[in-house]
Protein chains: 2
Amino acid sequence: MAKRNTRELVLQTSLALFNELGEPNVSTNRIADEANISPGNLYYHFRNKQDIVVELFTRFATQLDRIIAVPVSAALRAEDLWFQLHLSFELKGQYRFLFRNPIDISSRVPSLRRAFMGLFRRERKAAEDMISSLEQSGAMCISSREKEILLNNLMLAMTYWIPFAEMYEEHGLQDGNVQIKSIAGALQMIIPYMAEDARAELTNLAIFYLSHPN
Amino acid sequence: MAKRNTRELVLQTSLALFNELGEPNVSTNRIADEANISPGNLYYHFRNKQDIVVELFTRFATQLDRIIAVPVSAALRAEDLWFQLHLSFELKGQYRFLFRNPIDISSRVPSLRRAFMGLFRRERKAAEDMISSLEQSGAMCISSREKEILLNNLMLAMTYWIPFAEMYEEHGLQDGNVQIKSIAGALQMIIPYMAEDARAELTNLAIFYLSHPN
DNA sequence: GTCTATATCTAGATAGAC
DNA sequence: GTCTATCTAGATATAGAC
């Protein structure tokens, strides 16, 4: 098999196993076994297990950056807000092993700590810009003290909705409705600060998606 | 040394190390070393490492149950709300290793999964009762759909504020202000649904504590 | 590129003397 | 109750043949 293919196979197998069992519970032997290659072969393509994790993180970060980099339009609508959250939640679900315990995974793969921090900082900045845009268009009204706390709460929800949901839902994120519920949760934090009609629009959107699970 | 004392020493040493380094990163040898006893001695007092974790969890759960079991008075005031949150956040800080990754720790110590679930269920029930009490006294107004999502958001915040804070604050929970900020975050989720004066009371309380770090 | 075989290390846990 | 010595298992990673 060509170099690229085996490398890719290892990455995909690792991602699946990490998501299912948790990265610390998956050995390189297990990955090789599941991919039907030898442990030695795996180590021909990757220096070590960390390399695999880092590569997966990099792919995730690249895609998330693309999602949050969407320029904030002057006329930000409820659908836009929902849509961007949906894209980022979807992506995080695909790399959910990263979110079970970011601290622990960072401590085992040192280079990841800075990467995580940077990513979170950019995500927070994107949320901040979005709120500013809503304020300027008159769709939102919030004090700067409240905004600070709201951003914290949003980041908390956007980071930890995955392990939170996995703890309660027996089938974890397989149930598509879990994501919808988590998005609705994040949006409910924002809604109280929105103006009358923008608020109604968002609320209706949430109700619609909650009652139409894919 | 008497049996009780060594057992207790192991528990306290384990708790300190688990909190500092994360339970998966602390070996029984390390615990014995730190406690100045032999590995063999540790295994005389505990069947295995899981036993230590379970014992620590049990102590935590007992204390948390006591805190949330406080009967909800008819005239629930802002201070009461703040005080109960403060007690539970304080306790969770003392056993923070349990919250870094509840799922992972449950998967390594099977009996813990049900225990965690039960505890979270009781905690959610307590929050629900508190909200009901606020509604009945007229201090709060919220639809049943909103209430469901609010309870989710509160549980998310009350469960994961610890790893969230540890990720951002360099000194982790040593900084007393981190707890205050987390409590303020949880309360800000509730405030929008409160009546005018109750809302003002809570907001002022939060501002007071935030500007007076212990 | 891929395999088999193996080296190395660490963690959990036990045996048996004192 | 406590210690020293040791066993076992499993994980990461490497060596060298094909």
Side-chain angles (χ1 to χ4, degrees), chain A residues 1-57 97-98 100-101 104-112, chain B residues 1-57 97-98 100-101 104-112:
Chain A
M1 221 182 286
K3 178 169 182 173
R4 281 267 104 162
N5 289 339
T6 299
R7 196 184 151 82
E8 193 59 29
L9 174 64
V10 170
L11 285 170
Q12 292 310 319
T13 308
S14 300
L15 178 57
L17 288 175
F18 289 168
N19 281 341
E20 187 190 345
L21 306 169
E23 177 269 333
N25 305 316
V26 177
S27 68
T28 48
N29 281 345
R30 177 74 193 273
I31 296 169
D33 190 49
E34 203 84 8
N36 286 310
I37 63 169
S38 65
N41 194 1
L42 183 149
Y43 279 94
Y44 171 80
H45 291 279
F46 296 91
R47 229 187 304 277
N48 48 41
K49 192 182 166 188
Q50 300 191 5
D51 260 24
I52 301 178
V53 175
V54 169
E55 170 80 27
L56 288 173
F57 177 87
F97 80 93
L98 291 170
R100 300 241 262 223
N101 191 350
D104 219 57
I105 215 167
S106 296
S107 79
R108 263 194 313 286
V109 188
S111 75
L112 239 59
Chain B
M1 223 181 284
K3 178 171 182 174
R4 282 266 104 163
N5 288 338
T6 299
R7 196 183 151 82
E8 193 59 30
L9 174 65
V10 170
L11 285 170
Q12 293 311 318
T13 308
S14 300
L15 178 57
L17 288 174
F18 289 169
N19 281 340
E20 187 190 345
L21 306 168
E23 178 271 330
N25 305 316
V26 177
S27 68
T28 49
N29 281 345
R30 176 74 193 274
I31 297 170
D33 190 48
E34 203 85 9
N36 285 311
I37 63 170
S38 67
N41 192 2
L42 183 149
Y43 278 94
Y44 171 81
H45 290 280
F46 296 91
R47 229 187 305 277
N48 49 40
K49 191 184 168 187
Q50 299 191 5
D51 261 24
I52 301 177
V53 175
V54 169
E55 170 79 27
L56 287 173
F57 177 87
F97 80 93
L98 290 170
R100 301 240 261 223
N101 190 349
D104 217 58
I105 215 165
S106 295
S107 79
R108 264 194 313 284
V109 187
S111 75
L112 239 59

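Quick note on labels: first sequence line is chain A, next is B, and so on, each numbered from 1.
For A:Ser27, counting side-chain heavy atoms from C-beta on, the closest listed nucleotide (C:dT2, D:dT12, C:dG12) is D:dT12. Distance from the side chain of A:Ile37 is smallest for C:dC3 among the nucleotides C:dC3, D:dT12, D:dT4. Comparing C:dT2, C:dG12, D:dT12 by their closest approach to the side chain of B:Lys49 singles out C:dG12.
Remark on DNA chain D: of its neighbouring residues A:Asn29 and A:Asn41, the 5'-side contact belongs to A:Asn29, judged by nearest-heavy-atom nucleotide.
Atom pair A:Asp33:CG and C:dC3:P shows a separation of 12 Å (rounding to whole Å applied). We find that CZ of B:Arg108 is positioned 14 Å from P of C:dA11, with the value rounded to whole Å. Separating the CZ atom of A:Arg7 from the P atom of C:dT2 is a distance of 13 Å, rounded to the nearest angstrom. As rounded to whole Å, 13 Å separates atom C1' of C:dA11 from atom CD1 of B:Ile52. We find that CD of B:Gln50 is positioned 11 Å from P of C:dG12, with the value rounded to whole Å. A:His45 has its NE2 atom 12 Å from the C1' atom of C:dC3, to the nearest Å. Separating the CG atom of A:Leu21 from the P atom of D:dG10 is a distance of 16 Å, rounded to the nearest angstrom. Look at CG on B:Asn25: it is 14 Å from P on C:dT10, rounded to the nearest Å.
Here CZ of A:Arg7 is found 4.0 Å from CZ of A:Phe46. Values are rounded to the nearest 0.5 Å. The distance from the CG atom of A:Leu56 to the CG atom of A:Asn19 is 9.0 Å, given to the nearest 0.5 Å.
A:Thr28 has no side-chain polar atom (N or O) that falls below the 4.0 Å cut-off from OP1 or OP2 of D:dA13. OP1 or OP2 of C:dA13 sits under 4.0 Å from a side-chain N or O of B:Tyr43.
Of the options A:Thr13, A:Ile52, A:Asn29, a side chain to side chain contact (heavy atoms under 4.5 Å, CB included) to A:Leu42 is made by A:Ile52 and by none of the others. When each of B:Thr28, B:Asn48, B:Asp51 is paired with B:Tyr43, the side-chain hydrogen bond (donor to acceptor under 3.5 Å, both in side chains) condition holds for B:Thr28 and for no other.
The existence of a salt bridge linking B:Glu23 and B:Lys49 is confirmed by a sub-4.0 Å separation between a basic side-chain nitrogen and an acidic carboxylate oxygen.
If you check every strand for non-hydrogen atoms under 4.0 Å, A:Ser38 touches a base. Among the atoms of the strands shown, only primed sugar atoms or phosphate atoms (P, OP1, OP2) are found under 4.0 Å from some heavy atom of A:Asn48.
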